[in-house]
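Numbers here simply count residues along the sequence, with the first being 1. Both counts, for ligands and for their atoms, begin at 1 and track the order of listing.
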Amino acid sequence: MINAKGKVFVLTGPSGVGKGTIVSEVLKKVDNIYLSISATTRQKREGENEGVHYFFKTKEEFNRMIKSDEFLEHAEFAGDSYGSPKFSINNYLSCGKDVLLEIEVQGAKQVKEKCTDAILIFLAPPSFEALEERLIKRNTESIDKVKVRLKKAKEEMQEVNLFHYLVINDNLNEAIDNVISIIKAERCKIK
Ligand code: 5GP
């Protein structure tokens, strides 16, 4: 990363664990931290907006972005591609702003390798059953796609030891407080 003055925080963990909810609370409650808007080839869901939730891309556009090295990280997830564009991340960092990435585990591992200072937080469900219930209730995917996400979640849960912090999303307010505390503590850390 060029002239990285801000810090990179990564919130990772299985789909449906509540990363999005926690991210939106963190952005409301913590100053000087900005969300990296990802690019994806996934279909836009009802209520999602271009450039707010994602930059929605065709497969061809996404592949072109990979070829021209526009991503800090990118990964395939449940049949679609997701990636964090470098451009806005570098802009925030070079202005001394912190950046928050909300991404799945393969991408988080790439960030860990490329940005050795990045702080990686793994958000886990209290149980696999709770995650299953949440994904079904969320009703954003077909049952077949929910099954794919649950299978992926089992694999992702095996990788928790690769990250710096573990937050269990049992009580939402506590999980939000814990993520905020991690950000605040990291900002006070003496190198
Ligand atoms: P969804 O389709 O539910 O919006 O996202 C599916 C998964 O992809 C979630 O775990 C989400 O955190 C992750 N994701 C979103 N953006 C990115 C990204 O830019 N890179 C990676 N690696 N994962 C992402």
Side-chain angles (χ1 to χ4, degrees), residues 1 8-27 34-59 61-66 69-90 92-93 99-115 118 120-125 128 130-160 162-163 166-167 169 175 179:
M1 304 297 291
V8 176
F9 290 92
V10 176
L11 187 65
T12 192
S15 167
V17 73
K19 299 192 293 290
T21 310
I22 290 183
V23 160
S24 55
E25 288 304 309
V26 168
L27 295 173
Y34 295 83
L35 181 66
S36 161
I37 309 292
S38 300
T40 184
T41 61
R42 153 163 96 54
Q43 289 251 308
K44 198 190 274 183
R45 291 181 191 140
E46 214 180 299
E48 284 185 332
N49 296 310
E50 169 72 18
V52 177
H53 298 91
Y54 281 107
F55 295 107
F56 293 94
K57 302 287 177 193
T58 62
K59 261 276 174 224
E61 287 168 334
F62 197 94
N63 287 339
R64 203 171 335 112
M65 289 176 80
I66 296 176
D69 195 25
E70 290 180 47
F71 290 120
L72 170 62
E73 62 71 36
H74 62 89
E76 288 281 316
F77 182 87
D80 287 300
S81 303
Y82 296 80
S84 307
K86 276 185 202 168
F87 182 74
S88 57
I89 298 173
N90 282 339
Y92 287 133
L93 295 178
V99 183
L100 183 56
L101 274 67
E102 187 233 300
I103 60 178
E104 53 71 67
V105 168
Q106 295 310 309
K109 282 158 63 180
Q110 294 171 41
V111 176
K112 189 182 179 197
E113 273 181 25
K114 290 185 188 167
C115 306
L120 298 117
I121 307 167
F122 190 97
L123 186 68
F128 190 72
L131 183 69
E132 183 169 13
E133 194 184 321
R134 213 192 120 101
L135 268 175
I136 292 169
K137 273 200 189 144
R138 197 170 78 168
N139 204 22
T140 49
E141 267 76 31
S142 65
I143 283 294
D144 280 352
K145 289 202 168 175
V146 165
K147 282 184 188 154
V148 173
R149 284 179 182 233
L150 285 170
K151 186 170 173 277
K152 189 87 185 158
K154 278 196 176 147
E155 294 163 17
E156 291 183 318
M157 299 287 285
Q158 306 297 315
E159 311 232 52
V160 60
L162 298 174
F163 302 105
L166 170 65
V167 173
N169 190 9
V179 172

Taking side chain to side chain contact (heavy atoms under 4.5 Å, CB included) as the test, write out the residues that go with [X], two or more places apart.
X: Val160; value: Phe122, Leu166
X: Ser88; value: Tyr92
X: Asn49; value: Val52, His53

Relative to each other, are the rings of His74 and Phe71 parallel, tilted or perpendicular (30° and 60° limits)?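 The rings of His74 and Phe71 sit tilted, inter-plane angle from 30° to 60°.
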**Asked** Using a 4.0 angstrom limit on heavy atoms, which residues are close to ligand 1?
**Response**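 Only Lys19, Ser38, Arg42, Arg45, Tyr54, Glu73, Ala75, Phe77, Tyr82, Gly83, Ser84, Glu102, Ile103, Glu104, Gly107, Arg138, Arg149 have heavy atoms that fall under 4.0 Å of ligand 1, ordered by chain and number.
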Residue Lys152 excluded, over 12 heavy atoms near NZ under 6.0 Å: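 Enclosed: over 12 neighbouring heavy atoms sit under 6.0 Å from NZ of Lys152.
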Using a 6.0 Å cut-off, check whether atom CD of Glu50 has over 12 heavy atoms from anything other than its own residue.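 Count over threshold, so yes.
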